[in-house]
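Side chains are part of it too, since the values below use all heavy atoms of this structure and drop only hydrogens, waters and symmetry mates. Just so we're on the same page: letters track the sequence lines, and every chain starts at 1.
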Amino acid sequence: FMQRSLDSQTKKQLEEEEKKIISEEHWYLDLPDLKEKESFIIEERSFMPCEDLLYGRMSFKGFNPEIEKLMVQMNSKSKKEEIEVDDKMEADVSDEEMARRYETLVGTIGKKFLKKRDQRVLQDEDEDENSNTRPSKAKKMFLKPQD
Amino acid sequence: AMAARGVPAEACVGQLVLPGDVLLLPAHPDEDSERLRLGAGAARRGRLLCGPGLRRSGAGLMATKCGLLRHRPAGGGGGGAFWVDSQQKRYVPVKGDHVIGIVTAKTGDLFKVDVGGSELASLSYLAFEGATKRNRPNVQVGDLIYGQFLVANKDMEPELVCIDSSGRASGMGIIGQDGFLFKVSLGLIRKLLAPKCEIIQELSQLYPFELVLGMNGRIWVKAKTVQQTLIIVNILEACEYMTAEQRKEALAKLSGT
């Protein structure tokens, strides 16, 4: 049933009532639960992982250069996966630098999404912090050239 | 018989097994009593792969095909693996296999592709790299397709796709013009796709050519001239029954002429 404005409490009550009705009608087996054995045998119907077969498209002596590039790429994929794990340890930027960067980054990007009023407030706050408050610049108006 | 009489799996490696043979796996600690130690034991063993031709049966494996039992010891890529190396010509679609299919029908948004199995596989026109509703791939009836199975089980119609999980073609799609398609047994395909296949290495010394091997027993060859193409086709077909020496003799004669 569709009832839009229901208190969360009444909702919970209704749910519990529904569950009670269901559980009485539910049939269940009187058998003891079978313990799920940790299965360490995986059934696999494909030959690919068993025998480490190569990629099916091949080209020799430069007949199809794209396929030859692909061959190198695909057949070294199996070795690449092992190297990838090691690469994760090296990083161009250290963790501390990243943290510092992010601190300032979040602030600057956040300002972008503030409404104009909030931006003004921020600006005033920044200015109040300094001991010297610069007088706000007068809006630049068009200056009529004097003859 | 209900009694679990079986032979230890490792003793049978390289020998003939028949359907119904039970293979016992090396004993592992009883899970109920030694639950605390499972952590160390499981990490050491890794997961055992039960490959084609074998099924789980209790704590061991049962063979469902006749052939030679193969074993790959644990280490490197994955855990240990057992499988039965059997021979057959008829292909059964398996998820993830790359196959060569022939387009037999084009119905609206779907292509029907013959992959050599018991039913035609379906291939959606969107399953190509860079295909959109406006930009349809140019597939005609009779074209050859190299794709992989997305869905392949005994209860559903098999589905082919020509892109991988990241949306790239990586070599799949329509196979070009010319060339020659022929069928061999599935065992030969696996032999040719093995990491260091002598047949392929020897052939690659002859002259430039292109080769596509489908796990469904189909091979497509293309070389510069028709004669060169047919030579490769004949060698690959004959490889089934030739010994290594006979093959080397044949190739020596060819490269001589």
Just how far is it from atom [atom1] of [X] to atom [atom2] of [Y], taken to the nearest 0.5 Å?
X: B:Lys95; Y: A:Ser46; atom1: NZ; atom2: OG; answer: 11.5 Å
X: A:Ile67; Y: B:Leu211; atom1: CD1; atom2: CG; answer: 10.5 Å
X: B:Ser86; Y: A:Phe47; atom1: OG; atom2: CZ; answer: 5.0 Å
X: B:Leu203; Y: A:Met58; atom1: CG; atom2: CE; answer: 10.5 Å

query: Should we count NZ of A:Lys69 as having more than 12 external heavy atoms under 6.0 Å?
result: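 For A:Lys69, atom NZ is not crowded (no more than 12 foreign heavy atoms under 6.0 Å).
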message: A quick test of your reading: do over 12 heavy atoms of other residues, nucleotides or ligands sit less than 6.0 Å from CD of B:Gln201?
response: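 Result for CD/B:Gln201: enclosed.
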Looking only at heavy atoms, which two atoms of [X] and [Y] are closest? And how far apart?
X: A:Met48; Y: B:His98; answer: CE-CD2, 4.3 Å
X: B:Gly171; Y: A:Leu70; answer: CA-CD2, 3.3 Å
X: B:Val212; Y: A:Arg57; answer: CG2-NE, 3.7 Å
X: B:Asn153; Y: A:Arg45; answer: CA-NH1, 4.5 Å
X: A:Gly56; Y: B:Leu193; answer: CA-CD2, 4.0 Å
X: A:Leu54; Y: B:Pro195; answer: CD1-O, 3.7 Å

For [X], which atoms come within 4.5 Å of any heavy atom of chain A: side chain, backbone, both, or neither?
X: B:Val84; answer: backbone
X: B:Arg55; answer: both
X: B:Met215; answer: side chain

- prompt: Would you call the rings of B:Phe209 and A:Phe60 parallel, tilted or perpendicular, where under 30° means parallel and over 60° means perpendicular?
  reply: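 Plane angle between 30° and 60°, so tilted.
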- request: Could you verify whether a donor N or O on one side chain and an acceptor N or O on the other, from B:Trp83 and A:Glu51, lie under 3.5 Å apart?
  value: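 A pair is found: one side chain offers a donor N or O, the other an acceptor, under 3.5 Å apart.
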task: Start with the C-alpha gap between B:Leu61 and A:Glu43, add the side-chain angles, then the distance that decides, and say whether side-chain contact (heavy atoms from CB on, under 4.5 Å) holds.
output: CA-CA 10 Å; B:Leu61 303 172; A:Glu43 276 190 16; over 6 Å; no
- prompt: Under a 4.5 Å heavy-atom cut-off, does chain B meet the side chain of A:Asp52, its backbone, both or neither?
  reply: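 For A:Asp52, heavy atoms of backbone and side chain both lie under 4.5 Å from chain B.
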